[in-house]
Amino acid sequence: MKRLIGAASVALMAFAAMPAQAADKVVLMLNWYVYGEHAPFYYGKAKGIYAAEGIELEIQEGRGSAATTQAVAAKTADFGYVDVPTMMRAAIKGAPVVATGVLLQTSPMSAMGFADKNIRKPEDIKGKTVAITPADSMTQIWPLFLKKTGLKESDFKTVAGDGQTKLNAVINGQADLLLGYVMDQSMKIKDATGKDVYPIKFADYGINMVSSGVIANTDYVKANADLVRRFMSATTKAVEAAEKEPKAAAQSILDANPKGGKIDTLTQGFELTIPLYRTAETTGKRPFQVTDQNMTETVNLLVEYGGLDAKAKENPKAFYSSDYLPKSGS
C-alpha cells in the first residue's frame with residue numbers, strides 16, 4: 001500500500017511540474033492608428049478575456065483598411081479589424097479574406113462641422129464648402145447621400161485633400177464641413193480645437209450599410225476553426241464588457257499606448273461607436289450578429305455607388321460567416 005501511495009504521489013508531482021499549455025499567439029491588426037472605436041480590444045486584453053480563451057493577443061495599429069486587408073490576405077496578421085466594404089472589394093478580386101463578425105452594423109459616415117456653425121441637416125449644407133478625400137469610402141457613397149437628400153453638387157463647394165488636409169481645412173476655416181466617421185474625425189477636431197462637432201449622419205437618411213468588422217484569411221479559418229471560435233468568443237465578451245464601462249475601456253487604450261489620445265475624447269469616441277453595433281433588427285442580440293438583409297443591402301449599395309463588381313450580388317454570403325460566433329448566452 002505504501003508503495004502505491006508513493007507511486008501516486010510521484011505521478012501527481014510530475015503532472016504538477018508539467019508546463020501549462022501555451023496560449024495561442026494571435027496578431028490583430030487595426031484599421032488605423034488607435035482611436036476610441038478600438039477600446040474593446042485593449043479592454044479585453046487588459047481584463048484577461050482573451051487569456052481566458054487561451055489567446056495571447058498582440059494588437060498592431062494599421063495604416064488603412066485596404067493595407068490591413070492585404071496583411072490578412074498575406075497572413076502577416078491573423079485577424080484584421082477593417083471597413084467591411086473595403087474587404088469586399090478585395091475579396092471580389094480574389095483576396096482570400098472573409099468577415100468572421102461584423103461589429104458596426106450602422107454606418108458611421110457623416111458630414112460634420114463645428115456645432116457653433118449650426119449645420120444640422122442636409123438643407124444647411126447649401127452654400128457651404130465641404131472637404132473630401134477623393135476615392136475614399138465616404139466620397140464613394142456621398143453621391144447616394146446627395147440623391148437621398150435632394151442635394152446637388154452645385155449646391156455647395158468642394159475642396160479635396162488627404163485625411164490630414166481635410167481635417168486642417170475645417171480646423172482652419174477653409175471648409176465648413178468634412179466627410180468623416182462620427183467617432184473618429186470629430187474627435188480629432190475636438191482634440192485639436194476643444195470645440196464640439198455636429199455630424200449629419202448618412203444612416204439617418206436611409207443609407208443602410210455595415211462598416212467595421214473582424215476579418216481573417218480563409219485558409220487560416222479552415223485550418224484554425226477552434227482558435228477562430230475562441231477569438232470571436234473573447235472579442236464578443238470584450239465588446240460587451242467595454243459597453244458597460246466606456247471610460248475604463250478607453251483608459252485601457254492609454255494604459256497600453258500613453259500617446260494614444262486624450263481620455264475624454266477617447267471615451268466620447270467610444271460612446272459614439274456603441275450605438276452603431278446594432279440595427280433595429282439586431283437590438284437585444286450579442287455583438288457581431290449581423291443580419292443577411294443588412295449585408296445584402298450593403299452589397300447592393302456598393303455595387304451601385306461604391307465601385308464593387310456587380311458579380312458580388314450573386315452571393316453576398318460569400319463575404320461573411322456567422323459560424324464562428326458564440327451562441328446567445330455562451
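Given the structure is predicted, the values throughout are model-derived calculations rather than measurements.
- The pair Lys237-Glu53 meets the salt-bridge criterion, since a charged nitrogen lies less than 4.0 angstrom from a carboxylate oxygen.
- In this structure, the side chains of Tyr81 and His38 come closer than 4.5 Å at one or more pairs of heavy atoms.
- Between the Ser212 side chain and the Asp83 main chain, no donor and acceptor come within less than 3.5 Å of each other.
- Annotation for Asp323 and Arg229: closest pair O-NE, 3.9 Å, computed over non-hydrogen atoms.
- Smallest separation of non-hydrogen atoms from Thr267 and Ala250: OG1-CB, 3.4 Å.
- Side-chain atoms of Thr76 come within 3.5 Å of backbone N or O of Ala71 as a donor-acceptor pair.
- Linking ILVMFWY side-chain heavy atoms closer than 4.5 Å, directly or via other members, places Phe145 and Val197 in two distinct hydrophobic clusters.
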Run Leu325 and Gln289 through side-chain contact (heavy atoms from CB on, under 4.5 Å) and show every step you take. CA-CA 8 Å; Leu325 298 178; Gln289 303 281 349; 4.1 Å; yes
Under 3.5 Å, which donor-acceptor pairs link side chains of residues 269-279 to any protein atom two or more places apart or in another chain?
residue, atom, partner, partner atom, Å
Thr273, OG1, Gly269, O, 2.8
Arg278, NE, Lys285, O, 2.8
Arg278, NH1, Glu243, OE2, 2.9
Arg278, NH2, Glu243, OE1, 3.3
Arg278, NH2, Lys285, O, 3.4
Thr279, OG1, Glu281, N, 3.3
Thr279, OG1, Glu281, OE1, 3.1
Thr279, OG1, Thr282, N, 3.4
Thr279, OG1, Thr282, OG1, 3.3

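- Put simply, Ile171 and Met183 are part of two different groups of oily side chains (I, L, V, M, F, W, Y) that touch within less than 4.5 Å, one to the next.
- For the pair Lys117 and Asp124, the salt-bridge criterion is not met [side-chain N within less than 4.0 Å of a carboxylate O].
- Counting heavy atoms from C-beta on, the side chains of Ile141 and Leu301 never come closer than 4.5 Å.
- Rounding to the nearest 0.5 angstrom, the gap separating the CE atom in Met88 from the CG atom in Asp309 is 13.5 Å.
- Counting all heavy atoms, side chain and backbone alike, Ala234 lies closest to Ile49 at O-CG2, 3.4 Å.
- Using a 3.5 Å distance cut-off with no hydrogens or angles, the side chains of Asp226 and Tyr324 do not pair a donor with an acceptor.
- Ser252 places a side-chain N or O within 3.5 Å of a backbone atom of Tyr43 that can act as its donor or acceptor partner.
- Listed for the Asn224 side chain is no donor-acceptor partner under 3.5 Å among the backbone atoms of Val221.
- Using a 4.5 Å cut-off on side-chain heavy atoms (C-beta onward), Val170 and Asp176 make no contact.
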For a side-chain contact (heavy atoms from CB on, under 4.5 Å) check, start with the C-alpha distance between Asn168 and Thr165, then their side-chain angles and the critical distance, and finish with the verdict. CA-CA 5 Å; Asn168 291 341; Thr165 300; 5.6 Å; no
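- Residues Lys25 and Glu58 are not paired through a salt bridge, judged by the lack of any N-O separation under 4.0 Å between the basic side chain and the carboxylate.
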Intermediate values then yes/no, side-chain contact (heavy atoms from CB on, under 4.5 Å), Gln251 and Ile263: CA-CA 6 Å; Gln251 182 61 47; Ile263 186 59; 3.6 Å; yes
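- With Asn208 contributing its side chain and Asn294 its backbone, the two residues share no donor-acceptor pair below 3.5 Å.
- Atom CD of Gln70 sits about 11.0 Å away from atom OG of Ser65, to the nearest 0.5 Å.
- Inter-residue side-chain proximity for Met109 and Ile207 is flagged as unmet; no heavy-atom pair is nearer than 4.5 Å.
- At a threshold of 4.0 Å, the pair Asp136-Lys166 counts as salt-bridged, since one of the basic side-chain nitrogens sits closer than that to a carboxylate oxygen.
- Here the shortest heavy-atom pairing between Pro287 and Glu240 reads CD-OE2, 3.5 Å.
- In plain terms, the two heavy atoms of Met138 and Gly180 that are nearest each other are SD-CA, 3.2 Å.
- Under the 3.5 Å distance criterion, with hydrogens and angles disregarded, a donor-acceptor pair is assigned to the side chains of Asp191 and Thr265.
- Between the side chain of Thr298 and the backbone N or O of Val210 there is at least one donor-acceptor pair closer than 3.5 Å.
- Note: the hydrophobic cluster containing Val228 also contains Ile55 (ILVMFWY, side chain heavy atoms under 4.5 Å, direct or indirect links).
- Residues Lys147 and Tyr305 meet the side-chain proximity criterion, which asks for heavy atoms closer than 4.5 Å.
- Considering only heavy atoms from C-beta on, Val84 comes within 4.5 Å of Met295 through its side chain.
- Grouping the Ile, Leu, Val, Met, Phe, Trp and Tyr side chains by contacts below 4.5 angstrom, directly or via other members, places Val72 with Val98.
- Atom CG in Leu151 sits 9.5 Å away from atom OH in Tyr205 (nearest 0.5 Å).
- Between the Gln185 side chain and the Tyr181 main chain, a donor and an acceptor come within less than 3.5 Å of each other.
- Side chain of Arg286 to backbone of Lys327: a donor-acceptor contact under 3.5 angstrom is found.
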Should Ile119 and Phe114 be marked as a side-chain contact (heavy atoms from CB on, under 4.5 Å) after you check the CA-CA gap, both sets of side-chain angles, and the distance that decides it? CA-CA 8 Å; Ile119 305 171; Phe114 288 119; over 6 Å; no
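- Taken together through direct or relayed side-chain contacts under 4.5 Å among Ile, Leu, Val, Met, Phe, Trp and Tyr, Met87 and Val303 form part of one hydrophobic cluster.
- Side chains of Asn257 and Glu61 form a contact here, defined as non-hydrogen atoms less than 4.5 Å apart.
- Considering CZ of Arg63 and CG of Asn31, their distance stands at 11.0 Å, rounded to 0.5 Å.
- Ile189 is listed as a side-chain neighbour of Leu167, based on a closest heavy-atom distance under 4.5 Å.
- With hydrogens and angles ignored, the 3.5 Å screen pairs a side-chain donor or acceptor of Thr133 with a backbone N or O of Gly161.
- In this structure, Asp78 CG and Ile215 CD1 are separated by 11.5 Å, a value rounded to the nearest 0.5 Å.
- Relative to the ring axis of Phe156, Lys126 does not place its NZ or CZ within 45° and under 6.0 Å from the centre.
- Residue-environment remark: NZ (Lys128) exceeds the threshold of 12 foreign heavy atoms within 6.0 Å.
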Show, in sequence, the C-alpha distance, side-chain angles and deciding distance for Phe41 and Tyr50, and conclude whether the ring-ring contact (aromatic ring centres under 6.0 Å, His included) test is met. CA-CA 9 Å; Phe41 302 112; Tyr50 287 98; 7.4 Å; no
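- Across Leu302 and Pro85, no two heavy atoms sit closer than the pair CD1-CB, 3.5 Å.
- Here CD1 of Ile200 is found 6.0 Å from CG of Leu177. Values are rounded to the nearest 0.5 Å.
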